[in-house]
S.K.: 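Attaching a single structure in structure tokens format; questions to follow.
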Amino acid sequence: MRPFTLSKPSTISQAVSGKNEAVRYIAGGTNLLDLMKKHISEPDALLDVTTLLSDTVQSAPKGIRIGAMVRNSVAASNSDIRSGFPLVAKAILAGASPQIRNMASMGGNLLQRTRCPYFYDITMPCNKRKPGSGCGAKDGENRMSAVVGYSEHCVAVHPSDLCIALAALDASVIVTGKDQKAIAIPFKDFHRLPGSTPEKDNNLPENAIITSIDIPANAFNKNYAYLKVRDRDSYAFALVSVAAALQLDGLRIREARLASGGVAHKPWRWYEAEQFLKGKEATQATFSQAADIVIKEIKPLSNNGFKLPMLKGAIEVALQNCLTA
Ligand SMILES: Cc1cc2nc3c(=O)[nH]c(=O)nc-3n(C[C@H](O)[C@H](O)[C@H](O)COP(=O)(O)OP(=O)(O)OC[C@H]3O[C@@H](n4cnc5c(N)ncnc54)[C@H](O)[C@@H]3O)c2cc1C
Ligand code: SF4
């Protein structure tokens, strides 16, 4: 690992003014340290934000504010999150392992980098790691890669489970930038598609720090499901995942939310299928039609055609599971 300095800013103002291209914030370190050990990220300095940022969950009638330094395991067991936003708790618990969740912060989870094997192997071409070097995965090992929203420059997927639930629930990311002003970035605009700049994962303004995540109050806390399909039951990233939530009047669907991980460079909302579900009866036939709408969007790569039937099944099962949550 390359030598670096480590310091602890004591104010947000110090943190954002001390940040530049060669400086990284470090929270739990569960992703950043791996990237540094593999020479993928080589900062000159780390700013430790573990005691700077909020590690509390604040509940209010309008919704919930989760501090960026709340550990993933703390969020998953928080009573306000479990009662009002159980989809979030469920998604967190589908990720990583208990030890990693104990270290991982909510803010850091949003910024974890892709698990594309070419990104982690510095002998391989990868436009995300080294712009202009090519995309090894596009015509190579792309079993885990995207099936929607990708470009010729990058076919990677976003690895987070938490983010899929946050996307489904229309969360916002609260950030403070160099001008010291706090702004809210809607979750749908936070992560990016690769386009011709796959090196950029998200739209976090230069030098900005995430201070919290807001989730608006909702009525998706009774009928919800997070389904993650993976190669093994722990320590594995999603082949496909589905966050589903319904608001029901009897068996009639008033509102639906449907999002997936393991399919795109960002958490992916299935807006057309959500619209289709609205007003329909919550039956197996309806769920199957919604899944058909989803898979119309899918364009598999050379090695991941299996994701098409997998996703169709996962969506049907997740929607069905909403009825028994
Ligand atoms: C073996 C393994 C398995 C895993 N499996 C899963 C899984 O199945 N599902 C899943 O969702 N995740 C999984 N993860 C990823 C894990 O959840 C993330 O590594 C973790 O959430 C990152 O949080 P952190 O606090 O450790 O971030 P760090 O590693 O400290 O930071 C990550 C990035 O975020 C930046 N950063 C951190 N906090 C802030 C902030 N407040 N503002 C601005 N920038 C910030 C850092 O500079 C860095 O670039 C796994 C990780 C490992 C090691
Ligand atoms: S898919 Fe993206 S991360 Fe993977 S090799 Fe291609 S450019 Fe790199």
Side-chain angles (χ1 to χ4, degrees), residues 1-37 40-60 63-82 85 88-89 91-93 95-113 159-163 166 171-185 187 190 201-202 204-215:
M1 204 190 272
R2 206 159 139 255
F4 58 89
T5 63
L6 176 67
S7 59
K8 268 193 175 187
S10 48
T11 61
I12 298 278
S13 156
Q14 260 181 24
V16 291
S17 56
K19 173 86 169 59
N20 62 48
E21 279 264 293
V23 178
R24 291 273 173 277
Y25 300 123
I26 183 161
T30 60
N31 189 219
L32 183 56
L33 290 178
D34 280 353
L35 296 169
M36 289 170 66
K37 284 187 245 171
I40 297 159
S41 181
E42 299 198 300
D44 294 337
L46 295 182
L47 299 177
D48 179 345
V49 297
T50 49
T51 52
L52 174 68
L53 298 173
S54 165
D55 62 354
T56 61
V57 178
Q58 293 169 272
S59 196
I64 203 156
R65 170 161 288 189
I66 308 172
M69 241 352 274
V70 173
R71 307 284 179 171
N72 285 187
S73 53
V74 171
S77 60
N78 177 274
S79 56
D80 290 330
I81 294 179
R82 288 176 72 90
F85 309 87
V88 171
I92 291 173
L93 292 174
S97 66
Q99 294 91 336
I100 291 167
R101 294 195 295 267
N102 282 342
M103 284 302 290
S105 67
M106 294 295 275
N109 190 300
L110 273 48
L111 299 180
Q112 61 175 294
R113 306 219 65 193
S160 170
D161 291 292
L162 163 68
C163 290
L166 293 176
S172 300
V173 187
I174 312 301
V175 312
T176 298
K178 243 194 167 133
D179 58 5
Q180 311 292 334
K181 290 201 181 102
I183 56 164
I185 307 177
F187 213 79
F190 186 76
D201 293 345
N202 55 63
L204 187 67
E206 200 57 38
N207 303 339
I209 191 164
I210 299 174
T211 55
S212 59
I213 298 161
D214 284 3
I215 316 176

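Being a predicted model, the structure only gives us computed values, none of them experimental.
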S.K.: Between Arg65 and Ile213, is any pair of side-chain heavy atoms under 4.5 Å apart?
M.R.: no

S.K.: Once rounded to the nearest 0.5 Å, what's the spacing between atom CG of Asp161 and atom CD1 of Ile92?
M.R.: 9.5 Å

S.K.: Are any side-chain N or O atoms of Thr211 and backbone N or O atoms of Ile174, one a donor and one an acceptor, separated by less than 3.5 Å?
M.R.: yes

S.K.: Which is it for Arg71 and Arg101 under the side-chain contact (heavy atoms from CB on, under 4.5 Å) test, yes or no, and what are the steps along the way?
M.R.: CA-CA 7 Å; Arg71 307 284 179 171; Arg101 294 195 295 267; over 6 Å; no

S.K.: Any non-hydrogen side-chain atom of Pro43 less than 4.5 Å from a side-chain atom of Val23?
M.R.: no

S.K.: Once rounded to the nearest 0.5 Å, what's the spacing between atom CD1 of Ile210 and atom CG of Leu204?
M.R.: 5.5 Å

S.K.: Just by modelled atom types, is the Leu46 backbone N or O under 3.5 Å from a matching donor or acceptor in the Arg24 side chain?
M.R.: no

S.K.: Taking atom OG1 of Thr50 and atom NZ of Lys8, what is their separation to the nearest 0.5 Å?
M.R.: 4.5 Å

S.K.: Between Leu166 and Phe85, is any pair of side-chain heavy atoms under 4.5 Å apart?
M.R.: no

S.K.: I need the minimum non-hydrogen distance between Gly28 and Ser105, along with the two atoms involved.
M.R.: N-OG, 4.4 Å

S.K.: So, taking the atom named NZ in Lys178 and the one named OG in Ser17, what distance separates them when rounded to the nearest 0.5 Å?
M.R.: 7.0 Å

S.K.: To the closest 0.5 Å, what do you measure between CG (Asn20) and CD (Glu206)?
M.R.: 9.0 Å

S.K.: Under the criterion side chain to side chain donor-acceptor pair (under 3.5 Å), which of Asp34, Asp201, Asn31 is the partner of Arg113?
M.R.: Asp201

S.K.: Give the C-alpha distance, both sets of side-chain angles, the deciding distance and a yes or no for side-chain contact (heavy atoms from CB on, under 4.5 Å) between Leu47 and Ser7.
M.R.: CA-CA 5 Å; Leu47 299 177; Ser7 59; 3.3 Å; yes

S.K.: Does Val88 form a side-chain contact (heavy atoms from CB on, under 4.5 Å) with Ile215? I'd like the steps, not just the answer.
M.R.: CA-CA 10 Å; Val88 171; Ile215 316 176; 3.8 Å; yes

S.K.: Restricting to non-hydrogen atoms, name the atom on Leu53 and the atom on Ala68 that form the minimum distance, rounded to 0.1 Å.
M.R.: CD1-CB, 4.0 Å

S.K.: What pair of heavy atoms forms the shortest contact from Val175 to Pro205, and how long is it?
M.R.: CG2-CD, 4.2 Å

S.K.: Taking atom CD1 of Ile100 and atom OG of Ser73, what is their separation to the nearest 0.5 Å?
M.R.: 11.5 Å

S.K.: Is any side-chain heavy atom of Asn78 closer than 4.5 Å to one of Ser59?
M.R.: no

S.K.: Compare all side-chain heavy atoms of Lys19 with those of Ile209 and state whether any distance is below 4.5 angstrom.
M.R.: no

S.K.: Looking at side-chain heavy atoms only, is the closest gap between Leu6 and Ile26 below 4.5 Å?
M.R.: yes

S.K.: What closest approach, in Å, do Ile81 and Ala89 show between heavy atoms, and which atom pair accounts for it?
M.R.: CG2-N, 4.3 Å

S.K.: Compare every heavy atom of Ala45 with every heavy atom of Thr5, then report the nearest pair and how far apart it is.
M.R.: OG1-CB, 3.2 Å

S.K.: Taking atom types as modelled, find out whether Asn109 and Gln112 have a side-chain donor-acceptor pair closer than 3.5 angstrom.
M.R.: yes

S.K.: Taking all atoms of both residues into account, what is the closest heavy-atom pair of Pro9 and Gln14, and its distance?
M.R.: CA-OE1, 3.4 Å

